[in-house]
Amino acid sequence: VNTSSRMESNSEKNKIHLSDAAADLLIEQAPGVKLNCRGIIPIKGKGDMKTYWLESFQTDSHADSAPVHIDMKQDAMFAR
């Protein structure tokens, strides 16, 4: 929960900010998502971290595709 709190406090309005670990998990579960590397930034209590912006949830070009489901219980990082 601490990392997600830090991502939120270092984010910008209406943007989703992801840690490197969260980005890896998201790409694994929804390979078509679009991420934009924000770069390495200092995170209080964590040190320098490589982070990403989530740019798009769309996983393919089909408008009728099913929504992406992320299984947050799969990873211990989200199971707290």
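- Applying the salt bridge (Lys or Arg N to Asp or Glu O under 4.0 Å) criterion to K50, with sequence neighbours excluded, gives no partner residue.
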- request: Check step by step if side-chain contact (heavy atoms from CB on, under 4.5 Å) holds for T51 and D20.
  value: CA-CA 5 Å; T51 65; D20 196 32; over 6 Å; no
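- For the pair Y52 and A23, the tightest heavy-atom approach, listed with the atom from each and the gap, is CD1-CB, 3.6 Å.
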Less than 3.5 Å apart, which donor and acceptor atoms pair up between the side chains of residues 37-49 and the rest of the protein, not counting sequence neighbours?
residue, atom, partner, partner atom, Å
R38, NH1, N10, O, 2.5
R38, NH1, H17, NE2, 3.3
R38, NH2, N10, O, 3.4
K46, NZ, T3, OG1, 3.0

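- Expressed to the nearest 0.5 Å, how far CG of L35 lies from CD1 of I27 amounts to 4.5 Å.
- For N36, the side-chain contact (heavy atoms from CB on, under 4.5 Å) test picks out W53, E55, with sequence neighbours left out.
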